[in-house]
Amino acid sequence: NAGVMQNPRHLVRRRGQEARLRCSPVKGHSHVYWYRQLPEEGLKFMVYLQKENIIDESGMPKERFSAEFPKEGPSILRIQQVVRGDSAAYFCASSLRAVDTGELFFGEGSRLTVL
Amino acid sequence: QQQVKQSPQSLIVQKGGISIINCAYENTAFDYFPWYQQFPGKGPALLIAIRPDVSEKKEGRFTISFNKSAKQFSLHIMDSQPGDSATYFCAASKGDSSYKLIFGSGTRLLVRP
């Protein structure tokens, strides 16, 4: 979905640094979903947010990872003290209403490389 | 029980041939089964999807076959073209958390000219 904008497209961090990934949903969409894709694997659900609320974070690692979707501005996925295992592509999708069909349309992703 | 198993891992098909990718699942609560196509460096794009109330769905050259009793579903690409070369992912989700797609591990398809 060309309407979901993610940046940066590529991010390189050294171990211990912080990574911030941004997702601007399609205009007017108030539901955002983050997925992670490890190399040579399928996507895995991380978190579902609605404006100012976390609805489901069952796929998010308990430590170092956090997500927000403020009233104004993009959704942010924050990874503190990155480790090599965090190297992955992070994809965002958005929807106007709560998804009840499973039809998610993803952005082009942010590729994080941890040195 | 949450897994979706996909095979083969890679597939090479001649132009004009039929590409077949298979997926199997365990959780009978799954009620939505999409297929995604992903080109290198891009996000996955929804290709076609099916619900368990039908056994087949066709859109152009792409067909999903669904076998509820066997808990299996497959993607058939007829008249495969070099432009179809991509990685294909099956997925599944269930009604109360349909946004939480469970993805297969992917099939890398190469269509030779």
Side-chain angles (χ1 to χ4, degrees), chain A residues 1-10 21 23-26 29-50 54-60 69 88-111 113, chain B residues 2-10 21-25 27 29-53 57 59 64 66 73 75 86-109:
Chain A
N1 183 354
V4 176
M5 304 300 291
Q6 293 188 245
N7 68 83
R9 293 293 313 279
H10 299 274
L21 309 176
C23 170
S24 296
V26 173
H29 285 191
S30 58
H31 300 258
V32 163
Y33 315 84
W34 284 93
Y35 278 71
R36 175 166 67 172
Q37 183 178 33
L38 295 171
E40 307 298 320
E41 293 187 14
L43 281 72
K44 287 185 167 55
F45 169 79
M46 298 183 73
V47 62
Y48 162 28
L49 308 107
Q50 196 178 355
I54 296 175
I55 307 300
D56 182 349
E57 57 181 348
S58 58
M60 193 100 95
F69 188 17
Y90 293 82
F91 292 96
C92 171
S94 73
S95 64
L96 180 62
R97 289 175 289 273
V99 168
D100 60 3
T101 64
E103 288 187 2
L104 291 182
F105 299 91
F106 293 93
E108 298 209 325
S110 292
R111 282 154 182 82
T113 300
Chain B
Q2 283 292 91
Q3 276 190 319
V4 176
K5 294 184 179 178
Q6 183 172 348
S7 63
Q9 191 173 23
S10 62
I21 305 171
N22 301 298
C23 283
Y25 63 97
N27 190 343
F30 286 148
D31 60 3
Y32 179 71
F33 303 89
W35 285 89
Y36 282 82
Q37 179 188 57
Q38 186 177 31
F39 293 104
K42 301 293 185 182
L46 180 63
L47 192 61
I48 186 173
I50 198 168
R51 292 195 176 276
D53 53 344
K57 183 174 181 180
E59 289 183 4
I64 299 180
F66 185 83
F73 58 110
L75 176 69
T87 300
Y88 292 81
F89 293 95
C90 62
S93 66
K94 55 182 179 175
D96 60 350
S97 54
S98 60
Y99 54 85
K100 200 181 297 186
L101 291 166
I102 309 298
F103 280 82
S105 55
T107 296
R108 189 171 292 181
L109 171 66

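Hydrogens, waters and symmetry mates are skipped; everything else that's a heavy atom, side chains included, is used. Fair warning: this is a prediction, and the values are worked out from it, not measured in the lab. Letters go in sequence order (proteins before strands), and every chain restarts at 1.
- To the nearest 0.5 Å, atoms CZ (F45(A)) and OG (S97(B)) are separated by 8.5 Å.
- Every residue two or more places apart in sequence or in another chain that forms a side chain to side chain donor-acceptor pair (under 3.5 Å) with E40(A) is listed here: R108(B).
- Contact of S95(A) with chain B is not made at all, since no heavy-atom distance falls under 4.5 Å.
- When atom types are taken as modelled, the side chain of Y35(A) and the backbone of L101(B) share a donor-acceptor pair closer than 3.5 angstrom.
- Atom CD of E59(B) has more than 12 heavy atoms from other residues, nucleotides or ligands within 6.0 Å.
- Here the shortest heavy-atom pairing between F89(B) and Q37(A) reads CZ-NE2, 3.3 Å.
- Between R9(A) and G41(B), the closest heavy-atom pair is NH2-O, 3.1 Å.
- Looking at heavy atoms from C-beta onward, F106(A) lies out of side-chain contact with Q38(B) at the 4.5 angstrom threshold.
- Shown here for Y99(B) and D56(A), the closest heavy-atom pair between the two residues is OH-OD2, 2.6 Å.
- Ranked by heavy-atom pairs under 4.5 Å with chain A, the first of V4(B), D31(B), L46(B) is L46(B).
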